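Quick notes on the structure that follows.
All values derive from a computational prediction rather than experimental measurement. Every chain is numbered from 1, with letters handed out A, B, ... down the list of sequences. All heavy atoms count here, side chains included; hydrogens, waters and symmetry mates do not.
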Protein chains: 4
Amino acid sequence: MTSDKKPDRSRRSERSRRAILDATRALISEVGYAKVSIEAIAARAGVGKQTIYRWWPSKGAVIFDSFLALSEDGSEGEPALPDTGDLEADLKTVMRATAAEFADPEFERPIRALNTEILGDPELAAQYGEKLAGPVEELKKARLRSGQDAGQLAADADLDLVLDMLYSPLTLRWLYRSGPLTPEYADALVDATLRAFRP
Amino acid sequence: MTSDKKPDRSRRSERSRRAILDATRALISEVGYAKVSIEAIAARAGVGKQTIYRWWPSKGAVIFDSFLALSEDGSEGEPALPDTGDLEADLKTVMRATAAEFADPEFERPIRALNTEILGDPELAAQYGEKLAGPVEELKKARLRSGQDAGQLAADADLDLVLDMLYSPLTLRWLYRSGPLTPEYADALVDATLRAFRP
Amino acid sequence: MTSDKKPDRSRRSERSRRAILDATRALISEVGYAKVSIEAIAARAGVGKQTIYRWWPSKGAVIFDSFLALSEDGSEGEPALPDTGDLEADLKTVMRATAAEFADPEFERPIRALNTEILGDPELAAQYGEKLAGPVEELKKARLRSGQDAGQLAADADLDLVLDMLYSPLTLRWLYRSGPLTPEYADALVDATLRAFRP
Amino acid sequence: MTSDKKPDRSRRSERSRRAILDATRALISEVGYAKVSIEAIAARAGVGKQTIYRWWPSKGAVIFDSFLALSEDGSEGEPALPDTGDLEADLKTVMRATAAEFADPEFERPIRALNTEILGDPELAAQYGEKLAGPVEELKKARLRSGQDAGQLAADADLDLVLDMLYSPLTLRWLYRSGPLTPEYADALVDATLRAFRP
DNA sequence: GATTAAACGAGACGGTACGTCTTGTCTTAAC
DNA sequence: GTTAAGACAAGACGTACCGTCTCGTTTAATC
């Protein structure tokens, strides 16, 4: 036990924090997750390595935070999902959009980097669930609940399970690249899921 | 033009190949995926590093092959899935078993290693689909088809979609550690999926 | 433009420098020049390889420096050569000592290592002339000059040539192992040289 | 002691032997001694590595033999040194020629390669003395003896010593690159040596 | 305004692993 | 039984990063 001195958060340089997070995202986009190194981040950010090690426990944590920061200042609170009163139509809209996003090569590298990190680090996985996935999931569940109230979904449907059946196949197909992410596939998932949980 | 000489497959040492694959699996079990290095594999296998680099393009490929070899000589052809005539019961049996396997810490490390590797390498992902996942999927589809014939599944059900809806939520929950892999969850997935595709 | 960053000399670790130089000399003595590797030096010195590559351009340079360091802290300035007033006797004393030193198996390996290195690297050869051979040569010339003043050597004798004729045959015989390094041979060289340059 | 089977000299391929020796010399000229590898020689000669290892004990031996072969078929017996009756003039001619040869960059690399090899391997040094240096030395001594008979050299002069004093300074200056190899230097060596051994 | 203590940039350090290269041995097929 | 070819075990090469550890230098907050 050499030096348990905890850094003083109040004196942290916001300038450095931003530079590190920005450099991280830029590097992921440019060279891909596997080749992002702490040294490269520090050099790119014009920051000493120690400044990174002082505030983050691992490379994964930096990468994770770089996404978190993005979602935090990108949107002040998540936007609600569409609610036209037609659950099926709304879900298809959202699922098709998700499929399109996954297919967009622009997002491919960063999201895949994030997922790889989460896969290997339970700590980050927990944080991911809580900070990133959770809020979005709540929004989705709210829309489902609204559909439930409108009698478009069984009153006793387990909404977490519904979400799983909707999104998991899409997500896994993307992760494993095991099939094309077409609008038709998105629609088929919505149809089947709604059949399973119709009132 | 540096050195485009291709090695001569017919002169490959089977002895070394096995030693490398065995050492790889042993190391993954012992120290976990992240800490497996080519150097460690070579040392453990009593093999020169070059012998690994000569035959495999990447660490991921070695790891992948070590699983492939396991499945190839472990089972001479995959065993058929149970077919008692009751599709629901059989699916629940299989899904519960899958959930249990995922939860077994013994398999945790190796399978997670394999998945991490697949996630970051499209080449391996393709091989995975073809050599490992494909055959198993065919067996599963055969059982579904048998249920279809028995009138327990809609005649026009897209069996790939059925499989996705059954297994994806389970797999993703395991990958992301986003929830417990209980028999109840397995059962719920089977119930919902069968509802979606009942005749 | 890969990495033109020059290391900062002022921050160099004296501790590591000494450890490297010491380890180098020890290894040369123990296993011989040909088998000294950078890896072995680093391991022996308890130092990262990069610390060697950071400060020395080649293995030869390390070896050379290990000798330089020896001569620098071994003697605070070279000791003067004997000057009894009898040039012939003094030269014979020194030449016999040189012959004996060459014949001493203790010095054999290190000096031969140094010589091999110098032979293949003009850069080091220049440094050798300047830093190691030069100072000693000056002392020898000083003694010759004193002999010249005493009328024991021709006033117009080229002292560099005198030194060459004295030492080169001895040195070359040692390098090539082309003959025994006896006191008689040393004496004969002194006699012949003094005859050639007598007043 | 695994396989002491000695190869059968009578079945040796002369074609391969020549190809190896030629390739060796060519490589030394082109890339310099330090970068000549057995692999490169074998590839260049169109020969299996084992064919080299079967007939030569070390890389040095191959290099040495490549020179030996050169001197053997280049000249069927060494040419006699000039003997005009004027020893001083003849020696100056020969010494100036030697100095010029040393200075010729064409010969620089090969001869230096040979010397480096000899320096580190007593076995080769002995062979060098016997097969390459010896014969030439005998010729030189023959010329000296002729001068002795003509009364231009002391009758009791040790001819080996005379040769050493003539050639060693030149050779060493070349090896160490410690000074220019001018005709003047050659002349000065001859002058001084003849002074030392005049009748 | 001067003092002072922590965060900072920079980068040297001991290490691990990389992927390449060469060595000397061993194996195979052609002749 | 020698040869060309080349796979093999071994291990050094020089490079890239790791995470830790000084170094001066800002930069605030306290005096």
Side-chain angles (χ1 to χ4, degrees), chain A residues 2-3 5 7-13 15-16 19 35-40 42-43 45-55 57-59, chain B residues 2-3 5-13 15-16 19 35-40 42-43 45-55 58-59, chain C residues 2-3 5-13 15-16 19 35-40 42-43 45-55 58-59, chain D residues 2-3 5 7-13 15-16 19 35-40 42-43 45-55 57-59:
Chain A
T2 32
S3 69
K5 252 180 255 162
D8 177 348
R9 272 173 203 289
S10 71
R11 305 195 49 175
R12 180 170 188 182
S13 159
R15 201 180 171 290
S16 295
K35 292 191 177 170
V36 173
S37 65
I38 297 266
E39 301 227 313
V47 137
K49 282 200 288 177
Q50 199 56 34
T51 302
I52 299 180
Y53 284 112
R54 181 154 33 229
W55 301 111
S58 69
K59 187 171 76 170
Chain B
T2 32
S3 68
K5 289 221 200 87
K6 288 163 231 159
D8 178 347
R9 273 173 204 289
S10 71
R11 305 191 49 180
R12 182 169 187 180
S13 160
R15 204 179 170 290
S16 296
K35 291 191 178 173
V36 172
S37 66
I38 298 266
E39 301 227 312
V47 137
K49 281 198 290 177
Q50 200 56 44
T51 301
I52 299 181
Y53 285 112
R54 192 171 8 245
W55 302 111
S58 67
K59 188 171 76 171
Chain C
T2 30
S3 66
K5 292 225 197 80
K6 288 163 230 158
D8 179 346
R9 274 173 203 290
S10 70
R11 304 190 47 183
R12 182 169 188 178
S13 158
R15 203 178 171 289
S16 296
K35 292 191 177 172
V36 172
S37 65
I38 299 266
E39 301 227 313
V47 137
K49 281 199 287 176
Q50 202 56 45
T51 302
I52 299 182
Y53 286 112
R54 184 155 31 232
W55 302 111
S58 67
K59 188 171 74 171
Chain D
T2 34
S3 70
K5 250 178 262 165
D8 177 347
R9 275 174 202 289
S10 70
R11 306 195 50 176
R12 180 171 187 180
S13 159
R15 201 181 170 289
S16 295
K35 292 190 177 172
V36 173
S37 66
I38 298 266
E39 302 235 307
V47 137
K49 281 198 293 175
Q50 197 55 38
T51 303
I52 299 180
Y53 284 112
R54 186 159 22 236
W55 300 110
S58 69
K59 187 171 75 171

Please state how far atom [atom1] in [X] lies from atom [atom2] in [N], giving the value in whole angstrom units.
X: Arg15(A); N: dA28(F); atom1: CZ; atom2: P; result: 11 Å
X: Ile52(C); N: dT15(F); atom1: CD1; atom2: P; result: 13 Å
X: Arg9(B); N: dT28(E); atom1: CZ; atom2: C1'; result: 18 Å
X: Asp8(B); N: dT28(E); atom1: CG; atom2: C1'; result: 10 Å

Under-3.5 Å N/O pairs linking protein and nucleotides 11-13 of chain F:
residue : atom : partner  : partner atom : Å
dC13(F) : OP1  : Ile38(C) : N            : 3.1
dC13(F) : OP2  : Ile38(C) : N            : 3.0
dC13(F) : OP2  : Glu39(C) : N            : 3.0

Any side-chain N or O of [X] below 4.0 angstrom from OP1/OP2 of [N]?
X: Thr51(B); N: dA9(F); result: yes
X: Arg54(D); N: dT2(F); result: no
X: Ser16(D); N: dA4(F); result: yes
X: Trp55(C); N: dC13(E); result: yes

Can you see which heavy atom on [X] is nearest to which on [Y], and at what distance?
X: Gly48(C); Y: Ala42(C); answer: C-CB, 4.3 Å
X: Ala19(D); Y: Ala45(D); answer: O-CB, 3.5 Å
X: Val36(B); Y: Lys59(B); answer: O-NZ, 2.9 Å

Next on the checklist: Report for the helix from dG1(E)-dC31(F) to dC31(E)-dG1(F): angle between first-end and last-end helix axes, five pairs each, rounded to 10 degrees.
Outcome noted: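 That helix has its two terminal axes inclined by roughly 10°.
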
Next on the checklist: Please compare Val47(D) and Pro57(A) by the position of their nearest nucleotide in DNA chain F and report the one closer to 5'.
Outcome noted: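 Going by which nucleotide is closer to the 5' end, it is Val47(D).
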
Checklist entry - Take atom CZ in Arg12(C); do more than 12 heavy atoms of anything else shown fall under 6.0 Å from it? => result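 Yes - once you tally the heavy atoms of other residues, nucleotides and ligands closer than 6.0 Å, there are more than 12.
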
Checklist entry - Is the count of non-hydrogen atoms from other residues, nucleotides or ligands lying under 6.0 Å from Arg54(B) atom CZ greater than 12? => result yes

Next on the checklist: Under the rule for side-chain contact (heavy atoms from CB on, under 4.5 Å), what residues qualify as partners of Arg11(B), not counting sequence neighbours?
Outcome noted: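 Partners of Arg11(B) by the side-chain contact (heavy atoms from CB on, under 4.5 Å) criterion, ordered by chain and then number, come out as Asp8(B).
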
Item to check | Ser16(B): side-chain contact (heavy atoms from CB on, under 4.5 Å) partners, not counting sequence neighbours | outcome: Ser13(B), Val47(B), Thr51(B)

Item to check | Inter-residue atom distance Ser58(B).OG - Ile52(B).CD1, 0.5 Å rounding | outcome: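 CD1 of Ile52(B) is found 11.5 Å from OG of Ser58(B).
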
Atom pairs, protein N/O to nucleotides 29-31 of chain E N/O, distance under 3.5 Å:
none

Next on the checklist: Distance criterion of 3.5 Å, no angle test: do you see the side chain of Arg11(A) paired donor-to-acceptor with the base of dA6(E)?
Outcome noted: yes

Checklist entry - Residues two or more places apart in sequence or in another chain: which of them pass side chain to side chain donor-acceptor pair (under 3.5 Å) with Glu39(A)? => result Lys49(A)

